[in-house]
Amino acid sequence: MTKSFIIAIDGPAGSGKSTSAKLVAQKLGYLYIDTGAMYRAITLLAIEKNVLNNADDVIELAKTSKIDLKYSEGITQVLINERDVTEDIRSKEVNKFVSPISKIKGVREALVKKQRILALNNDGIVMEGRDIGTVVFPDADVKIFLTAAISERAERRVKEYDAKGISVSLEEIKSNLENRDKIDSSRETSPLIKAADAYEVDTSKVTVEQQVEIILERVRQATAKRE
Ligand code: DC
């Protein structure tokens, strides 16, 4: 079996990971995986089952739940235990609790295991998250780390909510992003950090097309190296 070609895209919320990861996957015909959706799905279950304060129960949920990500026409449908939670995992409540839940070591171990399995049997994958290039696939063929100014990231999120007809204030979004950045970057297990060999792109300084082209160029270079 040939080894899958893995493109790891990491960065904070709103840095443009989903937008560029989806387009790169589409251009290359690779599988696109949004790992944030997995942490969100477990957080949603923990809220519903009222176990947010019981780490062992949350770990059990992460170990035993079946998470499916079905991507088609620009949208990742997220299913947990066969239930469609695509919309529910983007709620304000999930936004609030997802970072504390993602800090739990056992939750991370369970989800990282699922993420590695997803890469098997696929020629190529584009996986986005916080720890893909550092922990999930430290040997990824291409590692990208996206950044953008907090004001820009918050504005992007407000626009996404607007498009869905949900009214949110810029301040509320900004404070949620700052809070998540802080927890995600300072946690003990696999914090959000740039892998030493990742290529950093500030997406406030380039267009989406340029972002995608930068990643595709790294892919070309890595492919040439492999051959
Ligand atoms: O990408 P996102 O904003 O949907 O991710 C939601 C949260 O999930 C994020 O604030 C931290 C967590 N997460 C993580 O800890 N590790 C990942 N690989 C992906 C997401």
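In each ligand, atom 1 is the first atom listed, and ligand 1 is the first ligand listed.
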Residue list, side chain to side chain contact (heavy atoms under 4.5 Å, CB included) with Gln26, at least two apart or on another chain: Leu23

Per-residue contact class, Arg187 against ligand 1 - non-hydrogen pairs under 4.0 Å: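 The answer is the side chain of Arg187.
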
Within reach of ligand 1, part of Met127 (heavy-atom separation under 4.0 Å): neither

Are any of the side-chain nitrogens in [X] or [Y] under 4.0 Å away from the carboxylate oxygens of its partner?
{"X": "Glu172", "Y": "Lys92", "result": "yes"}
{"X": "Glu48", "Y": "Arg83", "result": "yes"}
{"X": "Glu213", "Y": "Arg220", "result": "yes"}
{"X": "Glu160", "Y": "Lys164", "result": "no"}
{"X": "Lys70", "Y": "Asp68", "result": "no"}
{"X": "Asp131", "Y": "Arg187", "result": "no"}

Looking at [X], which atoms of ligand 1 are within less than 4.0 Å of one of its heavy atoms?
{"X": "Asp184", "result": "9 (C), 10 (O), 11 (C)"}
{"X": "Ser99", "result": "10 (O)"}
{"X": "Arg90", "result": "4 (O)"}
{"X": "Asp131", "result": "16 (N), 17 (C), 18 (N)"}
{"X": "Arg108", "result": "14 (C), 15 (O), 16 (N), 17 (C)"}

Minimum non-hydrogen distance to atom 1 (O) of ligand 1, winning option of Glu128, Arg157, Arg130: Arg130

Residue selection (non-hydrogen contact nearest atom 12 (C) of ligand 1) among Pro12, Ser102, Ser185: Ser102

Protein contact to atom 19 (C) of ligand 1 [nearest heavy atom, distance to 0.1 Å]: Thr35 OG1, 3.4 Å

Atom 20 (C) of ligand 1: the protein heavy-atom neighbour that sits closest, reported with distance to 0.1 Å: Gly36 CA, 3.5 Å

Under 3.5 Å: N/O of Arg180 near N/O of ligand 1: yes

Check: Arg40 N/O within less than 3.5 Å of ligand 1 N/O: yes

Residue Lys159 excluded, over 12 heavy atoms near NZ under 6.0 Å: no

Lys63 NZ: over 12 foreign heavy atoms closer than 6.0 Å: no

